[in-house]
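The first residue in the sequence is number 1, and the count goes up from there.
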Amino acid sequence: DQYINSNTISMVLMYTAIYINIFLKKLNIRFYKIMSFLICILTAWAIINLQSRGALITLLAFIFFEYILPKDFWKNKYNILTTFSLIILFGTIFPIIYSKMYMNGIEFKIPFVSKSLYSGREEIWINFFNEINNNQIYLLFGLGSSADLWGEGNLNVHNNYLAIIVNFGIIGYLLYYGFIILFISKVYNKRNSDNFFYTLFIGFMCVFIYGFFENSTLWHVM
């Protein structure tokens with residue numbers, strides 16, 4: 001608790017499990033599905049012991065998209081663009097919903113996790129919303145990289161989508177995620193029959209799911 005952040009350990013475990021699953025599929029090792037299943041189970045057990053909700057949700061999302069959702073779903077480019085767009089949309093409004101729940105006293109238990117529903121992120125997000133209310137121009141161009149939303153000059157707002165807006169505003173947000181969606185669309189036109197590519201994309205998509213809880217594409221550590 002004093003020296004190593006349990007969420008960072010969980011993030012490393014979660015990403016490692018996803019990478020191993022991808023490489024096992026690429027190498028087409030015998031019994032790779034059994035090996036992948038066991039790795040996911042062990043990783044989920046470790047993350048539960050570390051009480052990291054975001055990493056657990058992301059790992060479960062990978063399992064669902066990779067092993068439960070029919071593969072034919074990914075063959076339709078518009079299905080994947082819609083799914084990815086919805087992840088971005090929900091990731092963006094998640095801090096608003098979460099903060100409103102906190103301010104309205106809504107509380108419930110999360111399965112397998114003994115922590116409170118609220119982690120302190122809500123205070124950072126509420127501080128940002130208060131700054132926006134004080135000056136609407138911040139919403140367009142952001143607060144900048146010197147913004148101090150929770151003391152000690154730390155800009156980690158624990159949400160990838162909000163982090164883009166804090167740094168660069170809505171204009172930067174539209175350019176950033178617009179570029180990514182356009183890139184995915186172009187890649188899918190060239191790789192629309194490659195099953196391994198679908199697995200790679202699911203792994204990439206999980207980075208953005210984890211972005212609900214952390215600066216998943218901006219943090220230099222990962």
Side-chain angles (χ1 to χ4, degrees), residues 1-22 36-69 83-84 86-129 149-151 154-166 177 202-222:
D1 290 337
Q2 296 179 5
Y3 302 107
I4 301 176
N5 189 310
S6 60
N7 286 330
T8 302
I9 300 173
S10 298
M11 176 166 35
V12 172
L13 287 169
M14 176 267 295
Y15 279 142
T16 302
I18 291 173
Y19 278 130
I20 292 174
N21 270 268
I22 291 171
S36 297
F37 176 75
L38 290 174
I39 288 166
C40 287
I41 293 296
L42 286 170
T43 304
W45 173 76
I47 292 173
I48 288 170
N49 275 280
L50 289 164
Q51 297 288 293
S52 180
R53 294 156 294 188
L56 180 61
I57 290 170
T58 306
L59 180 64
L60 293 176
F62 176 81
I63 295 169
F64 173 77
F65 286 129
E66 174 64 16
Y67 297 109
I68 298 175
L69 197 66
T83 301
F84 198 85
L86 288 173
I87 288 172
I88 293 173
L89 175 63
F90 189 72
T92 305
I93 64 174
F94 177 73
I96 302 173
I97 297 171
Y98 190 83
S99 300
K100 291 288 186 182
M101 289 171 59
Y102 172 76
M103 289 188 289
N104 287 304
I106 299 173
E107 176 72 85
F108 56 84
K109 295 296 292 181
I110 302 174
F112 309 113
V113 178
S114 60
K115 288 181 179 178
S116 166
L117 176 63
Y118 303 102
S119 59
R121 287 167 171 78
E122 68 281 352
E123 295 180 9
I124 303 170
W125 298 341
I126 289 170
N127 288 340
F128 170 72
F129 298 137
L149 296 176
W150 59 291
N154 195 325
L155 191 58
N156 186 359
V157 296
H158 295 284
N159 177 279
N160 206 71
Y161 309 92
L162 196 61
I164 297 291
I165 296 173
V166 168
Y177 289 109
I202 291 168
F204 176 67
M205 190 167 61
C206 285
V207 176
F208 290 84
I209 294 173
Y210 194 61
F212 289 16
F213 316 101
E214 301 289 349
N215 294 357
S216 59
T217 69
L218 302 175
W219 191 33
H220 66 279
V221 174
M222 296 307 295

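Pairing each heavy atom of Asn159 with each of Gly91, the nearest pair is ND2-O, 3.2 Å. Contact between His158 and Asn215 at its shortest, heavy atoms only, is N-OD1, 3.4 Å. Minimum interatomic distance between Gly203 and Ile22 (heavy atoms only, all atoms of both residues): CA-CD1, 4.3 Å. Taking all atoms of both residues into account, the shortest heavy-atom contact from Leu218 to Ala163 is CD1-CB, 3.5 Å. Closest approach of Ala17 to Leu59, counting heavy atoms only: CB-CD1, 4.2 Å. Closest heavy-atom contact between Phe65 and Ile209: CE1-CD1, 3.8 Å.
Looking at residues two or more places apart in sequence or on another chain, you find a ring pair (Phe, Tyr, Trp, His ring centres under 6.0 Å) between Phe84 and Phe201, Phe208. For Ile57, the side chain to side chain contact (heavy atoms under 4.5 Å, CB included) criterion is met by Phe213, not counting sequence neighbours. Taking Tyr161 as the reference, Tyr177 meet the ring pair (Phe, Tyr, Trp, His ring centres under 6.0 Å) condition, with sequence neighbours excluded. Applying the side-chain hydrogen bond (donor to acceptor under 3.5 Å, both in side chains) rule to Thr16 yields no partners; only residues at least two apart in sequence or on another chain are considered. For Tyr67, there are no ring pair (Phe, Tyr, Trp, His ring centres under 6.0 Å) partners two or more places apart in sequence or in a different chain. With sequence neighbours excluded, no residue forms a ring pair (Phe, Tyr, Trp, His ring centres under 6.0 Å) with Tyr210.
Side-chain contact check for Tyr15 versus Val207: some heavy-atom pair is nearer than 4.5 Å. Between Phe212 and Ile87 there is a side-chain heavy-atom pair separated by less than 4.5 Å. Under the 4.5 Å side-chain criterion, counting only non-hydrogen atoms from C-beta, Phe128 is in contact with Val166. Side-chain contact check for Asn7 versus Met11: every heavy-atom pair is 4.5 Å or farther apart.
Residue pairs satisfying the salt bridge (Lys or Arg N to Asp or Glu O under 4.0 Å) criterion with at least one member in residues 86-96, sequence neighbours excluded, are absent. Pairs engaging residues 86-97 under the side chain to side chain donor-acceptor pair (under 3.5 Å) rule: Thr92-Tyr173 [sequence neighbours left out]. Applying the salt bridge (Lys or Arg N to Asp or Glu O under 4.0 Å) test to residues at least two apart or on different chains, the pairs with a partner in residues 207-221 are Arg121-Glu214.
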Using distance only, find each side-chain donor-acceptor pair of residues 39-47 under 3.5 Å and give its atom names and separation, not counting sequence neighbours.
unit_1: Thr43; atom_1: OG1; unit_2: Ile39; atom_2: O; d: 2.7

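One distance of note links OG1 of Thr8 with CG of Leu13; it measures 11.0 Å at 0.5 Å rounding. For the atom pair Ile164 CD1 and Ile88 CD1, the distance stands at 10.5 Å (nearest 0.5 Å). To the nearest 0.5 angstrom, Leu162 atom CG is 13.0 Å from Ile93 atom CD1. Once rounded to the nearest 0.5 Å, the distance linking CG of Asn49 with CD1 of Ile9 reads 11.5 Å.
For Phe37, the CZ atom sits in a loose shell: 12 or fewer heavy atoms of surrounding residues, nucleotides or ligands are nearer than 6.0 Å.
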